[in-house]
Number of protein chains: 2
Amino acid sequence: MNKINRKLEYALIGLKHMRSKQPGELTTVKEIAATYGCPFEATSKVMQSLAAGGLVRSEQGAHGGYQLVRDLNRLPLYEVLEMVVGPVEIAKCLHQVDGGCELRGSCNVISPIENLNRKLIEFYRGLTVGELLEGRGFVAKPQSLELRDLAAHAGHELAAVE
Amino acid sequence: MNKINRKLEYALIGLKHMRSKQPGELTTVKEIAATYGCPFEATSKVMQSLAAGGLVRSEQGAHGGYQLVRDLNRLPLYEVLEMVVGPVEIAKCLHQVDGGCELRGSCNVISPIENLNRKLIEFYRGLTVGELLEGRGFVAKPQSLELRDLAAHAGHELAAVE
DNA sequence: TTTAATTACGACTAATTTGGTCGTAGTTAA
DNA sequence: TTAACTACGACCAAATTAGTCGTAATTAAA
């Protein structure tokens with residue numbers, strides 16, 4: 001029921017990576033996957049979700065890729081969560097029968113978890129992606145020549161420093 | 001990876017129920033299960049966890065049951081989470097291999113998800129169970145924990161924060 | 001015009017987590 | 001002794017998550 005999973009992790013990793021690029025410069029999924037060891041297909045789908053949500057722009061074809069189109073410092077984590085894992089809904093009502101509440105007004109069941117849900121949404125709305133990406137640079141350990149070639153081809157060092 | 005699940009729900013339901021009792025009055029799992037439709041065995045185990053964590057006291061035997069021993073208004077949700085679902089750890093390091101970090105001591109990879117984890121822990125530490133158990137309407141004055149309140153009840157954990 | 005590199009996306013399987021049950025034992029009031 | 005409780009480990013089922021595969025579609029460049 002929670003929404004913090006690998007998809008979100010791949011999204012944040014990708015966003016952090018793209019943030020270090022020049023405006024207009026594209027990032028491929030292959031590049032992200034190779035640099036950080038994320039599974040290609042899974043990462044690819046996450047990027048597609050981000051593109052569908054308007055957070056990144058995609059260019060197809062050879063020399064295609066993704067680029068950021070929004071300022072991460074003004075982007076609530078909540079929006080990314082919506083894009084990659086859907087609405088933040090931590091728990092369903094225990095007593096729902098065919099979509100309706102069985103206990104009606106006397107229900108004290110859903111309330112605590114619903115309260116928590118609301119507070120979590122508040123929390124996610126108030127937390128910017130930019131904040132999460134702070135800290136030391138995300139330095140990947142070069143694992144192969146091919147990797148360095150990739151980075152070189154992109155015109156960047158592997159170490160993305162703040 | 002998230003820790004918001006049915007166990008937590010049963011815990012909050014039980015706590016809310018017990019809070020309405022007189023001091024010294026016991027609540028049985030049977031009572032909770034019957035009142036709210038929670039599965040008996042699952043709820044029972046949750047209560048046992050709460051007892052192990054010192055949040056409630058249990059009395060065995062006929063006419064036994066559970067009772068609250070702590071003030072829910074000064075109890076961080078974090079503690080309940082620890083009791084019923086273990087430490088708040090939303091995501092494992094992507095680079096872990098066989099339970100150990102692949103990069104060992106030289107690992108300077110800080111996953112954004114780890115940052116999020118820290119922020120979530122902060123959030124859970126500052127949110128009291130009492131707040132969550134308020135009615136369905138708005139809570140006029142949220143009783144967020146101050147640091148000194150935390151110190152009174154969870155001083156040993158505060159030391160581990162930094 | 002062909003090829004290679006890339007995004008797009010649905011279907012599928014495997015792995016993990018979660019939710020729940022069962023059996024049995026220990027405790028205590030009546 | 002019995003009935004009503006808590007205590008707890010082992011187990012199974014369901015749901016979710018994670019990852020893979022196959023196949024298009026798109027585009028730059030040879």
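Throughout, protein chains are lettered first and strands after them, A, B, ... in sequence-line order, and every chain is numbered starting at 1.
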Identify which nucleotide among [options] has an atom closest to any side-chain atom of [X], counting heavy atoms from C-beta outward.
X      : options                   : result
V29(B) : dT6(D), dA5(C), dT18(C)   : dT6(D)
N5(B)  : dT21(C), dA8(C), dG19(C)  : dG19(C)
F40(A) : dT7(C), dG19(D), dC5(D)   : dT7(C)
Q48(B) : dG10(C), dT17(D), dC8(D)  : dC8(D)
E41(B) : dC22(C), dG19(D), dC21(D) : dC22(C)
Y10(A) : dG19(D), dT26(D), dT6(D)  : dG19(D)
A62(B) : dA8(C), dC8(D), dA3(D)    : dA3(D)

Between T35(A) and E31(A), a side-chain donor and acceptor under 3.5 Å:
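On atom types as modelled, these side chains do not qualify, holding no pair under 3.5 Å.
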Base of dC5(D), side chain of E31(B) - is there a donor-acceptor contact under 3.5 Å?
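A donor-acceptor contact between them is absent.
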Has the side chain of K45(B) got a donor or acceptor that lies under 3.5 Å from a partner of the other kind on the base of dG19(C)?
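Absent.
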For DNA chain C, what are the stems built from at least three Watson-Crick or G-U pairs in a row, each pair having both distances below 3.5 Å?
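Only these stems qualify: C:1-30 with D:1-30.
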Let me know the distance between [atom1] of [X] and [atom2] of [N], rounded to the nearest Å.
X       : N       : atom1 : atom2 : result
L8(B)   : dT18(C) : CG    : C1'   : 14 Å
E59(A)  : dA25(D) : CD    : P     : 20 Å
I4(B)   : dT16(D) : CD1   : P     : 16 Å
I113(B) : dT17(D) : CD1   : C1'   : 14 Å

With a 4.0 Å cutoff (strictly under), does any side-chain N or O of T28(B) reach OP1 or OP2 of dT6(D)?
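Checking dT6(D) against T28(B), no side-chain N or O comes under 4.0 Å of OP1 or OP2.
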With rounding to the nearest 0.5 angstrom, report the CD1 to SG distance, I32(B) to C38(B).
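SG of C38(B) is found 7.5 Å from CD1 of I32(B).
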With a 6.0 Å cut-off (strictly less than), is the heavy-atom count around NZ of K30(B), excluding the residue itself, greater than 12?
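Atom NZ in K30(B) is not packed in, count stays at 12 or less.
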List, one per line, each side-chain donor-acceptor pair under 3.5 Å for residues 55-62 of chain B, sequence neighbours excluded.
| residue | atom | partner | partner atom | Å |
| --- | --- | --- | --- | --- |
| R57(B) | NH2 | E59(B) | OE2 | 3.0 |

